[in-house]
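Note sheet for the following structure.
Only a predicted model underlies this, so the values are computations on that prediction, with no experimental measurement involved. Throughout, numbering of the chain's residues begins at 1 and tracks the sequence.
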Amino acid sequence: MSSSSSYKKYEIRKRNPDPKSSVLLVIDMQNYFYSMAKPILPAINTTIELCRDASIPIIFTRHRHKSPQDYGMLWEWWNGDLIMDGTPEAELIPDLDRGEDDLVVEKNTYSAFRGTNLEEELILINMGGVKEVMVTGVMTNLCCETTAREAFIRGFRVFFSTDATATSSPDLHDATLKNMAYGFAYLVDCERLQTAFSKSSPSHLST
């Protein structure tokens, strides 16, 4: 992971998520991505624990393909290297701190909103009280970034984790953090979330 200094100049907006109106999205932490996901597993599980303790609902996504009808452009773009449903690679990593009641949303493209019931589930949670989504998981610059952008466009306040997201290279990870800070999301990490959830202060940061 690259240092925060490279995206810091774009991080002019700071805010803490409000546990009463937030949902945590854990994007595609599957066996297929294990090599890049393993280093952030501690941060992912810490984020999940912090959110669970704050009574924040947790939703996992799982990327998989069932037939050529749902390949879209991904088949061409990745030369047929797709995550096929029913294979071990498609399953969520066993080391994830996943609860029995945590929802799993299945998807077949970069966005967790496209062709899924995610937005409907967010509306159902807290009887429509969800206004904020926190994004964690893999890959930072593909499914995480696309989901964050679409959440923003759909009117949700977006929080994007710097230490509980990962991708194939530090450069790509850093580029997404710059884009998120500039136009789409408030950046957070485990330390900031722990501080935010441990005190009942207003959601706006003073620094």
Rounded to the nearest 0.5 Å, how far does [atom2] of [Y] lie from [atom1] of [X]?
{"X": "Asn45", "Y": "Ile93", "atom1": "CG", "atom2": "CD1", "value": "9.5 Å"}
{"X": "Cys143", "Y": "Phe33", "atom1": "SG", "atom2": "CZ", "value": "6.0 Å"}
{"X": "Leu118", "Y": "Ser111", "atom1": "CG", "atom2": "OG", "value": "8.0 Å"}
{"X": "Gln194", "Y": "Thr47", "atom1": "CD", "atom2": "OG1", "value": "10.5 Å"}
{"X": "Thr109", "Y": "Asp70", "atom1": "OG1", "atom2": "CG", "value": "10.0 Å"}
{"X": "Phe113", "Y": "Glu120", "atom1": "CZ", "atom2": "CD", "value": "10.0 Å"}

Crowded around Arg154 CZ? As in, over 12 foreign heavy atoms under 6.0 Å?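 It does: Arg154 CZ has more than 12 such atoms within range.
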More than 12 heavy atoms of other groups within 6.0 Å of Glu76 CD: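 At most 12 heavy atoms, drawn from other residues, nucleotides or ligands, come within 6.0 Å of this atom.
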Heavy-atom closest contact ([X] atom, [Y] atom, distance):
{"X": "Ala181", "Y": "Arg13", "result": "O-NH1, 3.9 Å"}
{"X": "Val188", "Y": "Arg15", "result": "CG1-O, 4.4 Å"}
{"X": "Pro57", "Y": "Ser22", "result": "CD-O, 3.3 Å"}
{"X": "Val158", "Y": "Ala151", "result": "CG2-CB, 3.8 Å"}
{"X": "Met36", "Y": "Ile40", "result": "O-CG1, 4.5 Å"}
{"X": "Phe197", "Y": "Cys51", "result": "CE1-SG, 4.2 Å"}

Please answer whether the main-chain N or O of [Y] pairs with a side-chain N or O of [X] as donor and acceptor at a distance below 3.5 Å.
{"X": "Thr61", "Y": "Val105", "answer": "no"}
{"X": "Gln30", "Y": "Ala90", "answer": "yes"}
{"X": "Thr136", "Y": "Leu25", "answer": "yes"}
{"X": "Asp102", "Y": "Arg98", "answer": "no"}
{"X": "Thr147", "Y": "Ala112", "answer": "yes"}
{"X": "Asp53", "Y": "Leu50", "answer": "no"}
{"X": "Thr176", "Y": "His173", "answer": "no"}
{"X": "Arg52", "Y": "Asp97", "answer": "yes"}
{"X": "His65", "Y": "Lys107", "answer": "no"}
{"X": "Asp189", "Y": "Arg192", "answer": "yes"}

Please answer: with hydrophobic residues joined when any side-chain heavy atoms are less than 4.5 Å apart, are [X] and [Y] in the same cluster?
{"X": "Met139", "Y": "Trp78", "answer": "yes"}
{"X": "Leu177", "Y": "Leu172", "answer": "no"}
{"X": "Met84", "Y": "Trp75", "answer": "yes"}

Derivation of the side-chain contact (heavy atoms from CB on, under 4.5 Å) call for Leu103 and Phe60: CA-CA 6 Å; Leu103 183 67; Phe60 293 83; over 6 Å; no
Could you tell me whether the side chain of [Y] reaches within less than 4.5 Å of the side chain of [X], counting heavy atoms only?
{"X": "Val104", "Y": "Leu92", "answer": "yes"}
{"X": "Thr140", "Y": "Phe160", "answer": "yes"}
{"X": "Arg114", "Y": "Asn108", "answer": "no"}
{"X": "Arg62", "Y": "Glu91", "answer": "yes"}
{"X": "Leu193", "Y": "Met134", "answer": "yes"}
{"X": "Glu145", "Y": "Phe184", "answer": "no"}
{"X": "Tyr186", "Y": "Arg157", "answer": "yes"}
{"X": "Ile12", "Y": "Tyr182", "answer": "no"}

Test item: side-chain donor near acceptor, Ser161 and Asp163, under 3.5 Å: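 Asp163 and Ser161 do have a side-chain donor-acceptor pair below 3.5 Å.
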CA sep, side-chain torsions, deciding dist, call: Met29, Val26, side-chain contact (heavy atoms from CB on, under 4.5 Å): CA-CA 7 Å; Met29 290 289 287; Val26 182; 3.7 Å; yes
Could you walk me through whether Met180 and Leu187 pass the side-chain contact (heavy atoms from CB on, under 4.5 Å) test, one step at a time? CA-CA 8 Å; Met180 290 294 105; Leu187 301 183; 4.1 Å; yes
Among Ile27, Leu74, Val138, Leu142, which residue satisfies the side chain to side chain contact (heavy atoms under 4.5 Å, CB included) criterion with His63? Leu74
Among Leu96, Leu24, Asp95, find the one that has a side chain to side chain contact (heavy atoms under 4.5 Å, CB included) with Ile44.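 In the set Leu96, Leu24, Asp95, the residue that makes a side chain to side chain contact (heavy atoms under 4.5 Å, CB included) with Ile44 is Leu96.
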Between Lys8 and Glu11, is there a salt bridge with N-O shorter than 4.0 Å? yes
Would you call Lys131 and Asp18 a salt bridge, taking side-chain N to carboxylate O under 4.0 Å as the test? no
For Arg64, give me all partners under salt bridge (charged side-chain N to carboxylate O under 4.0 Å, His left out), at least two apart in sequence or on another chain.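 With sequence neighbours excluded, Arg64 shows a salt bridge (charged side-chain N to carboxylate O under 4.0 Å, His left out) to Glu106, given in chain and number order.
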Identified side-chain hydrogen bond (donor to acceptor under 3.5 Å, both in side chains) partner of Asn141 from the options Asn179, Asp174, Thr167: Thr167
Check the pair Trp77, Leu82 against side-chain contact (heavy atoms from CB on, under 4.5 Å), reporting the backbone distance first and the verdict last. CA-CA 10 Å; Trp77 200 257; Leu82 301 183; over 6 Å; no
Side chain to side chain donor-acceptor pair (under 3.5 Å) between Asp81 and Tyr32, intermediate numbers included: CA-CA 11 Å; Asp81 184 12; Tyr32 180 90; 3.0 Å; yes
